[in-house]
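Take a look at the structure below.
Each chain gets a letter, A, B and so on, in the order its sequence line appears, and its residues count up from 1. Scope of the values below: all heavy atoms of this structure, side chains included, with no hydrogens, waters or symmetry mates.
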Protein chains: 2
Amino acid sequence: MVTIYDVARHAGVSAATVSRVLNGHAKVDPALAERVTSSVAELGYRRNAVARNLRKSRTSLWAVIISDVENPFFTSMVRGVEDIALAAGYSVVLCNSDENPEKESNYIVAALTEQMAGVIISPSSNRVDDVKLLLDSGCPVVVIDRELHGLRTDTVLVDNERGAEQATAHLIDQGYRRIACIGGPRWLSTATHRYDGYRRALGTAGLSLEPSLVRFADFRERGGYDAMASLLDDGAEPDALFAANNLMTVGAMECLVQRDLAVPTDIAVVGFDTIPWADLIRPTLTTVSQPAYEVGRQAAQLLARRITKPDADATNVLLPTELQVRASSTRRISTGE
Amino acid sequence: MVTIYDVARHAGVSAATVSRVLNGHAKVDPALAERVTSSVAELGYRRNAVARNLRKSRTSLWAVIISDVENPFFTSMVRGVEDIALAAGYSVVLCNSDENPEKESNYIVAALTEQMAGVIISPSSNRVDDVKLLLDSGCPVVVIDRELHGLRTDTVLVDNERGAEQATAHLIDQGYRRIACIGGPRWLSTATHRYDGYRRALGTAGLSLEPSLVRFADFRERGGYDAMASLLDDGAEPDALFAANNLMTVGAMECLVQRDLAVPTDIAVVGFDTIPWADLIRPTLTTVSQPAYEVGRQAAQLLARRITKPDADATNVLLPTELQVRASSTRRISTGE
DNA sequence: GCGCGACGTCGTAGATGGTGACCACCCCGT
DNA sequence: ACGGGGTGGTCACCATCTACGACGTCGCGC
């Protein structure tokens, strides 16, 4: 392992001068600088980031703690973070909490002990302790996707309520009346807001909320499948479905396929969140698409700003969704007459 | 920031003793250990991983350098790595090279300067220099998914040739004769092996390889779309398609959908690699599924072994694929008679 | 019973690689 | 000749680990 001292000796200067050349902070005689750079090249010196981090008591790593790597929303989001982070000279460490508060907690402690420069997190629970720990330790944090009450942090959220309202209103508009809802875990703000949007749209249209048409699942494929099965088996007789995230939509669809129910003739479907290759699924799926990449970009920008200005006021960004109407929710063929 | 010295003072012992208690290496009087642990708890001490890493000149991070975060194969693979890594006390840093050799090179240098404990990489090119740099620096490396010639490293690969051969043979078996192939970048071993498998199956069946039925693209959705369009526009008149990865399969399918071609009646399709929710796509897609999670698991196990035994012989794991027959490749309806 | 030796536990101090404040020196200009 | 600006070296520091040494205790033997 070649150190800065080896370079200094080889170039006939002090280690401090090598450091200055490498960091470009102070002025160095061009002739010396030249000698240093050529020595660096000749010896194949790479500076030891760990030692540097220790001295500066801060690394150049960002931790991005997401709740599910296999959910396309998060991978797309991560791409957004990455592009900004790299441009700003940071590397991104992806941590997958798997919707497991304990794993999440471990990652947060790791982020602290590893002195990460900042954290972007989509909390897997509404427990505030962990994120509070980060804040109290002075670690810059941006919360994304899910709201966390009682904390003054930068956040980048999506207008879940409005997105869900539009989706439900669209179904009502298309003539559906018995609209079922498969909601997410009630402790997640995304889930409650989407449920609120669903209720609001019903209310606006003068429809009453029927508890038998509502199920709450876990934002996973399996949960969506089971919820759909339960809706069908319990005789709720829905003529449409609003599913509160992408994976549950897929699960519900799989249940419908298995039971030979036609979409949208037997049941119309609108899903929340982008589904990759939605165009290939038959029928094509109407979705409320989220600007995942943009969520990542904005979160990264907020984090970069927070690092340079730790005491700035908290910024809360709310991004709009977009209803993408496809075949799974087209107008109901009027039965009877 | 509370250091080991604060704990030592609070517990009335030396910092060395605190270190010993924390690491459990040497024997410490139980009474003292008790005082130390309670002081740790009382002061809320968390050890500084950066300083620790400097001292041990090695971190507890694994870099996983993949070529596309948005490809489900890699996310699933990462899950496999994660599960093993966490159990072994390592954290996983995910790096997305985006099939870009320059980005990849940067990540490799970062892995070295950050003193990562090991690297798992799916090389984005056949350039050997970067990985050689890691090896020469004594950094444990496991190469996955893609072969790299001239290097003695642990590898975990999938039997691409055999998988492709089975897929093509299956199409032949189903009565298709003009089987097109959309291959991947010719500098990637996965691509060449899959192409070899395609050719082998043709040869075995006594069919000749028709260059007009072959296209090479970039393993991306767009590339698959364009290649399919080109096959159709150039009058190659394929009656079936073998696409060499998941994203290109999706792209090709989208092209077929757009042109109102029926699958498998007009053209049968077999894709390589798992496609999430293949069941929802109409028709359901026949695929050669790869054991992505298992690739990750085995790679992680090899890496852990390599870290403890740096001089062990290189292990090369070859995992089998599995042909999953679905609707997109069912027997051709015999035309005419 | 006392002394010596051995073993075990704990503290001291140095090492890890890099940074940057501070200081010294040199040269030039006035 | 003196002062100032610019350039480069010295050294303390970051937090932790660990080799080595010292000290205390216990046991055994005389």
**ring pair (Phe, Tyr, Trp, His ring centres under 6.0 Å) pairs, two or more places apart, involving residues 60-102 of chain B** = W62(B)-Y90(B)
**Item:** Residue pairs, two or more places apart or on separate chains, that pass ring pair (Phe, Tyr, Trp, His ring centres under 6.0 Å) and touch residues 102-132 of chain A
**Value:** none
**Message:** Can you list, in residue-number order, the parts of residues 44-53 of chain B that come under 4.0 Å of DNA chain D, counting heavy atoms only?
**Reply:** Y45(B), R47(B), N48(B), A51(B), R52(B)
**Message:** Please list, in numerical order, the residues of residues 3-10 of chain A that have a heavy atom closer than 4.0 Å to any atom of DNA chain C.
**Reply:** T3(A), I4(A), Y5(A)
**Fill in**
the helix from dG1(C)-dC30(D) to dT30(C)-dA1(D): angle between terminal helix axes, five bp per end, to the nearest 10 degrees, reads 60°
**Message:** Can you build the contact string for nucleotides 20-25 of chain C? Use B for base contact, S for sugar-phosphate-only contact, and - for no protein heavy atom under 4.0 Å.
**Reply:** BB----
**Request:** Mind checking side chain to side chain contact (heavy atoms under 4.5 Å, CB included) for A299(A) and listing every partner two or more places apart, or none if nothing turns up?
**Result:** I120(A), V142(A), I144(A), V156(A)
For nucleotides 21-27 of chain D, which of its nitrogen or oxygen atoms have a protein nitrogen or oxygen under 3.5 Å away, and what is each distance?
none

**Prompt:** Partners of D154(A) by salt bridge (Lys or Arg N to Asp or Glu O under 4.0 Å), sequence neighbours excluded?
**Reply:** R306(A)
**Complete:** Taken in chain and number order and not counting sequence neighbours, the residues that satisfy side chain to side chain donor-acceptor pair (under 3.5 Å) with R305(B) are T315(B)
**Fill in**
In short, side chain to side chain donor-acceptor pair (under 3.5 Å) pairs touching residues 70-83 of chain B with sequence neighbours left out are E70(A)-R79(B), R79(A)-E70(B), N96(A)-E82(B), D98(A)-R79(B), N71(B)-N246(B), D83(B)-Y293(B)
**Prompt:** With sequence neighbours excluded, what pairs up with S60(A) under the side chain to side chain donor-acceptor pair (under 3.5 Å) test?
**Reply:** none
